[in-house]
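Reading through the structure tokens given below for one structure.
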Amino acid sequence: LPGKPDHSTNAVVKQDGGNPNRKGLKLGPKFISLPNHSGLQASCSLNIMKKVHLISCACTLLGLLLVLPGCARPNDDVIRVGEYASLTGREATFGQMSHLGTRLAIDEINAAGGVLDKPIQLITEDTQSKAGESATVVRRLISRNRVVAVLGEVASSRSMEAAPICQQQRIPMISPSSTNVRLTQLGDYIFRVCFTDAFQGRLLANFAERTLQVNNVAMLTDVKSDYSVGLSRDFKAPFIELGGRIVTEQSYSGGDRDFKAQLTAIRAANPEAIFIPGYYTEVGLIAQQARQLGINIPLFGGDGWESSKLIEIGGKSLEGTYFSTHFSPEDERPEAVNFVAKFQAQYGRTPDAMAALGYDSALILADAIRRAGNTEPQALRDAIAETRDFPAVTGRITLDENRNASKSAVILTVRDGQFRYVETIEP
Amino acid sequence: MSEFLQQLINGLSLGAIYALIALGYTMVYGILRFINFAHGEVFMLGAFSGYYLSSVIPHGTLIGGLLILASSMAICSVIGMTIERLAYRPLRQRPRLTVLITAIGVSLFLQFTGQHERVFGAAPKTFPQLVPVRTWDNLPGNVTINSNQLMVFGVTIVLLVILQLIIRRTRIGTAMRAVSFNHQAASLMGININVVISFTFGLGSALAAAGGILYALNYTSIDPLMGLLPGLKAFVAAVLGGIGNIPGAALGGLIIGIVETMTAGYLSSAYRDAIAFSILILILLFRPSGLLGKVEVEKV
């Protein structure tokens, strides 16, 4: 028995009545080859040990095999849908409103018996409005919670962070309100139920030129946000085409609080209006600091403005500003009126565009699951892609070949500390 | 020209706040030879105590605003002394690196505790207008200035004068200067080192709290991570002015504020932080003792 492992000699030593033969221990093979009964016992015990070891190994493996699927696949009596949203952090009101809308839709679907005779279980994760968090939580939703589809995010940067993961894992993802054009180009499993910035930029350019009747516009862009950078670009080209002029392009980074330097530079360039394609936290501060610097020209922006926090932060300085968004609670179509009533009954407050889009994203997913007849990824993807003329709260939704919704937009203004409807713009 | 003047005012009002924070770094360094990286978080706590006090103390008048300012300064000086007592004093005989890393730990602890929903929550809060705001535009040179900016200048100047008086004219100030020269000799002269160090932390934290309130008045949204960048910028300011040197910290703060504003106004806001930190690198390379600092000979 040359070159056997050390533990066999250990066993022998114990059988020898606990005689710690140090020399033997050190020179194991030599000791074992001693021509007496202990050598025989050694080989014997070695075999037993080996067997015991093998059996225990097999048992453990078997146990793992039995246990693992048990915890990975909880029960198949529900359809698990993942949602990731910025429930806390800088864009918290976006995520919260979107979540309330989604929640309302899921509750309604479940109250009506669910889909495919199963209730939908909504699993919500918070991205904390932070870069890097979306990828983590979406991976978790897919691998641990085994969701059949993912709803989210509000902000384009964070949607674009999670989209490649959904695409790679072949899990359909529907973003309720990320408008950056590039999002759905990331893969054929990525959808959205809102319009894109290509449309929003064009309509804002038209709005500036026709309604505001301004030719010289200054831009203030958040260089850290894909949404803001994309919308600036999508505004600039059509605006110049219409004969407008961008007198100065200033930038900031999301999270900044001091914009006086940029605003002073803007003031020196003498624009007739300032285009601010940012999110509400910064927009509120920008409006305030602009007025403090004596800049009293109109400010306008996109759907990133719509939050109750905007007015809380910006206060009076926002009076007479404009922004485009997806939905107005003053909308008179039956779907919208119905939704506003249900939302108010459930949560005691008026829904905004984020809530409406959150609601629509869940309805479209449920409708697709119903049409697909199962939750198999490929079938579900195809069913979502075939969504045609769906009567949603934010308008009739048809997903085009680029997986984008083509819908009308509304322009809102701030008057007496309230968002007021100005006009609807058809695509 | 009017743009330049306006940028100068913007920069000075930002720089004055950096100066207030930088003073805390520099005083603690002067006495303990270590950088209190949790100082930016005391600045944040100052803004939050102002936020919560505003629901207790009636505000909207100058008196109410100043009362809230003074109370927050008092609260934060207690917080600053507590941090020193709990986190730094037990480590005073350890290598300086240990204390430095502890300071970073305290900083992260405060940031992330603050983000918990039961504490402040991660969502930004809107800071109330503590004092009535007035804006004067059409000043000579087409310059606009508002009462909040004036308040920043006023409060900073008053606090700087008080600080100088404390350090130059009072017994505790003399003790502080003595301790900063030599701990051992000072304690042999009968100075209670612990009291002096506690007092220094209290004083620095009160200044940081004042900075926090002034910052929140001008940039009305506050959140638990708001102390991070201003804290680092103020640290750069302290190093620029010569760390350990009080007028240097004030000067450094103003310079950083102006440089930052000019960068954002004339170049691009993307370079704003980069330039502030490049200054740190340059000053460490070419003049490690700072603008007003004395070159120290390391005694062996």
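In what follows, chains carry the letters A, B, and so on, assigned in the order in which the sequence lines appear, proteins first and then strands, with residues in each chain numbered from 1.
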CD-CZ distance between B:Glu3 and A:Arg267, expressed to the nearest 0.5 angstrom
8.5 Å

Check whether more than 12 heavy atoms from other residues, nucleotides or ligands sit under 6.0 Å from atom CZ of B:Phe153, and answer yes or no.
yes

Can you tell which of A:Thr93, A:Asp256, A:Leu293, A:Thr88 has the highest number of heavy-atom pairs within less than 4.5 Å of chain B?
A:Leu293

Side-chain donor-acceptor pair present, A:Glu312, B:Thr126, cut-off under 3.5 Å
yes

Contacting moiety of A:Lys309, where chain B heavy atoms sit under 4.5 Å:
side chain

What part of B:Phe127 gets within 4.5 angstrom of chain A, counting heavy atoms only: side chain, backbone, both, or neither?
neither

When rounded to the nearest 0.5 angstrom, what is the spacing between CG in A:Leu285 and CG in B:Asn218?
11.0 Å

Applying a strict 4.5 Å limit to non-hydrogen atoms, the region of A:Gln289 in contact with chain B is side chain

Verify the neighbour count for atom OH of B:Tyr271: are there more than 12 heavy atoms of other residues, nucleotides or ligands below 6.0 Å?
no

Note: B:Gly265 and A:Ala265 closest approach over all heavy atoms is O-CB, 3.5 Å

If I take atom NZ from residue A:Lys260 and atom CG from residue B:Asn146, how far apart are they, to the nearest 0.5 angstrom?
5.5 Å

Measure the CZ-OG distance between A:Arg257 and B:Ser221 for me, rounded to the nearest 0.5 Å.
4.5 Å

Should A:Gln288 and B:Thr220 be marked as a side-chain hydrogen bond (donor to acceptor under 3.5 Å, both in side chains) after you check the CA-CA gap, both sets of side-chain angles, and the distance that decides it?
CA-CA 9 Å; A:Gln288 208 178 43; B:Thr220 51; 3.0 Å; yes

What part of B:Gln115 is in contact with chain A, defined as an atom under 4.5 angstrom from a non-hydrogen atom: side chain, backbone, both or neither?
side chain

Considering only heavy atoms, which portion of A:Ala92 lies under 4.5 Å from any heavy atom of chain B: side chain, backbone, both, or neither?
side chain

Check this for me: B:Ile63, atom CD1, are more than 12 non-hydrogen atoms of other residues, nucleotides or ligands nearer than 6.0 Å?
no

Checking heavy atoms, do the side chain of B:Met262, its backbone, both or neither come under 4.5 Å from chain A?
neither

Rounded distance (nearest 0.5 Å) linking atom CD1 of A:Ile313 with atom NZ of B:Lys125
11.5 Å

Let me confirm one number: the OG-CG distance from B:Ser269 to A:Leu220, rounded to the nearest 0.5 Å.
8.0 Å

Which region of B:Ile258, side chain (C-beta onward) or backbone (N, CA, C, O), has a non-hydrogen atom less than 4.5 Å from a non-hydrogen atom of chain A, or is it both or neither?
neither

Between A:Ser251 and B:Ala270 the two heavy atoms that sit nearest each other are OG-N, 4.3 Å

Can you check whether A:Ala261's main-chain N or O pairs, donor with acceptor, with B:Gln7's side chain at less than 3.5 Å?
yes

Toward chain B, the part of A:Arg90 with a non-hydrogen atom under 4.5 Å
both

Heavy-atom proximity to chain A below 4.5 Å, by part of B:Thr144:
both

Would you mind checking which part of A:Glu91 comes under 4.5 Å of any heavy atom in chain B, side chain (CB onward), backbone (N, CA, C, O), both or neither?
neither

Just wondering, are more than 12 heavy atoms of other shown residues or ligands nearer than 6.0 Å to OH in B:Tyr266?
yes

Non-hydrogen atoms of chain A under 4.5 Å away: do they reach the side chain of B:Gln149, the backbone, both or neither?
side chain

